[in-house]
Amino acid sequence: MVTYQRFSCFRRALSSSVASDVTVPPNSTVFSLIQPTGRIHLGNYLGAIKNWKTLTNSPSSNSRYIFGVADLHALTGLKDAKLLRQYRYEAIASIMAGGLDPEKCILYHQSSVKQHTELAWILMCQASIGGLHRMTQWKSKAQSQAGSSVFDDKVVTNSSAGFFTYPVLQAADILLYKSTHVPVGEDQTQHLELCRNLAGSFNHSFKSDVFPMPQTLVTPTKKVLSLRDPSKKMSKSDADQHSCVYVTDEPDIIAKKIRRAATDSIQGISFDPVNRPGVSNLITVVSGLLNKSIEDTLKAMSSVKDHKQLKDFVTEVIVEEFSEKRRLYDELMKNRDHLEKVCKNGTNRANEIAERNMKEIRRCVGLD
Ligand code: TRP
């Protein structure tokens, strides 16, 4: 039984919501991947899938849209074949259930297109150790894998080289398709900067203009934070399972998790990420789901006066957004043949572009 209060203003808020105006110029190649980490949560959904859907729903002329699952990147952390096998399909099902139409884009698994790793090696020979050292993400990943409270030589020595070279593979993913636009969360902007550096240095070294400079399209929704501890990002690996809402959660589970979300003891509702991180996180979620600015979200929520009403409102928006997706996800997961067919089709289409570009790249470096 769903025990949260329904708000009539919610209907109005939803019906007046406008698609965010993310469009790209004609002849673009839009590319992005997500890591398969199992079931998709609110953060993954708002950070990637919803944005991909918005982009493909207003396609610009003569542009292509390529999206997929970074299963090679997942190997940096996951050493369990059975789990990875499962996650790869859960990710595809989540992307499709999230509303991405494989008729409107190429959808595939990164590892199925072998040219990713070939280009990664070529770019590895272009990258400098100093350039990779400046990246911040591998440091935190290596540190957390080591379970260390400091980042020191010991952490570096024992760290997987995969964490360190991760952004080179990511650059290869992007450049393989001569991508022009890459929608990602804010945490990936540094990797995109490295990608542009590698593209520039390759073009310079081989006196070519084979690679365009890909632009970062930062996802409109800011990072979604843990419901229980808004000083952290929402994450599936959080020990407290109430910190994270999954697309596949039943309405009463969503209601329960939101009811337990951390707020504050300040009266009323206002957006103030520094002093009111919990409340602001909930407002961010609503703004992301309704495709509205924070200001317009607050206007749409003008009848919401206290924490309890805020939580009911947030619950309703999430339940509304996810109920159909949950049904679709369950259906897709039962139909493995269909998922495989979609991936096969995506792989064929991706492979064709990748091989055409790779021929040109091999010629540039003298491997033809
Ligand atoms: N590193 C990205 C992330 O964790 C995933 C990713 C891999 C990616 N390759 C990519 C994103 C290429 C954009 C383009 O979110």
Side-chain angles (χ1 to χ4, degrees), residues 24 28-38 40-52 55 64-78 84 87-88 91-92 94-95 98 100 105-113 115-117 119-120 123-124 127 132 135-142 144-145 160 162-199 211-219 221-224 233-237 346 350 353-354 357:
V24 292
S28 299
T29 297
V30 180
F31 178 90
S32 193
L33 302 180
I34 49 162
Q35 277 214 42
T37 51
I40 294 281
H41 60 63
L42 248 180
N44 308 131
Y45 178 69
L46 288 174
I49 300 168
K50 188 160 191 290
N51 199 28
W52 297 358
L55 281 156
R64 48 164 89 100
Y65 296 85
I66 309 173
F67 298 116
V69 175
D71 51 359
L72 291 171
H73 280 106
L75 278 179
T76 52
L78 198 61
L84 181 56
Y87 284 0
R88 290 171 85 231
I92 294 285
S94 303
I95 293 169
L100 198 79
C105 65
I106 291 176
L107 183 61
Y108 76 114
H109 288 126
Q110 174 195 33
S111 68
S112 316
V113 175
Q115 293 86 341
H116 283 261
T117 43
L119 183 56
L123 294 178
M124 204 86 77
L132 293 179
M135 300 291 110
T136 52
Q137 201 172 68
W138 71 273
K139 295 176 186 162
S140 51
K141 284 191 177 173
S144 89
Q145 194 173 56
S160 147
F163 283 144
F164 190 61
T165 55
Y166 179 113
V168 183
L169 178 60
Q170 181 164 353
D173 301 336
I174 296 164
L175 299 175
L176 183 57
Y177 301 98
K178 300 194 183 190
S179 309
T180 55
H181 296 81
V182 185
V184 281
E186 222 161 19
D187 62 333
Q188 295 297 310
T189 53
Q190 206 187 27
H191 289 169
L192 264 290
E193 195 64 52
L194 182 91
C195 175
R196 282 188 289 273
N197 287 340
L198 288 174
F211 295 131
M213 292 296 137
Q215 277 181 41
T216 313
L217 293 178
V218 178
T219 312
T221 309
K222 292 265 171 261
K223 212 162 46 188
V224 178
K233 201 171 142 170
M234 182 175 282
S235 162
K236 160 177 190 273
S237 49
I353 306 164
N357 292 342

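Worth knowing before you read on, the calculation uses all heavy atoms, side chains too, and leaves out hydrogens, waters and symmetry mates. Atoms within each ligand, like the ligands themselves, are counted from 1 in listed order.
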Side chains of H116 and D173: do they bring a donor and an acceptor to under 3.5 Å? yes
Regarding S235 and S237, do their side chains bring together a donor and an acceptor under 3.5 Å, going by distance alone? yes
For the pair H181 (side chain) and S28 (backbone), establish whether a donor and an acceptor sit closer than 3.5 Å, ignoring hydrogens and angles. no
T216 versus R196, side-chain donor and acceptor atoms under 3.5 Å: yes
Would you mind writing out a table of all protein N or O atoms found under 3.5 Å from any N or O atom of ligand 1, naming both atoms and giving the distance to 0.1 Å?
unit_1   : atom_1 : unit_2 : atom_2 : d
ligand 1 : 1 (N)  : Y166   : OH     : 2.7
ligand 1 : 1 (N)  : Q170   : OE1    : 3.1
ligand 1 : 1 (N)  : Q188   : OE1    : 3.1
ligand 1 : 4 (O)  : Y166   : OH     : 3.2
ligand 1 : 9 (N)  : D173   : OD2    : 2.7

Would you check if there is a donor-acceptor pair between the side chains of T136 and Q190 at a distance under 3.5 Å? yes
Would you call the rings of Y166 and H73 parallel, tilted or perpendicular if under 30° counts as parallel and over 60° as perpendicular? tilted
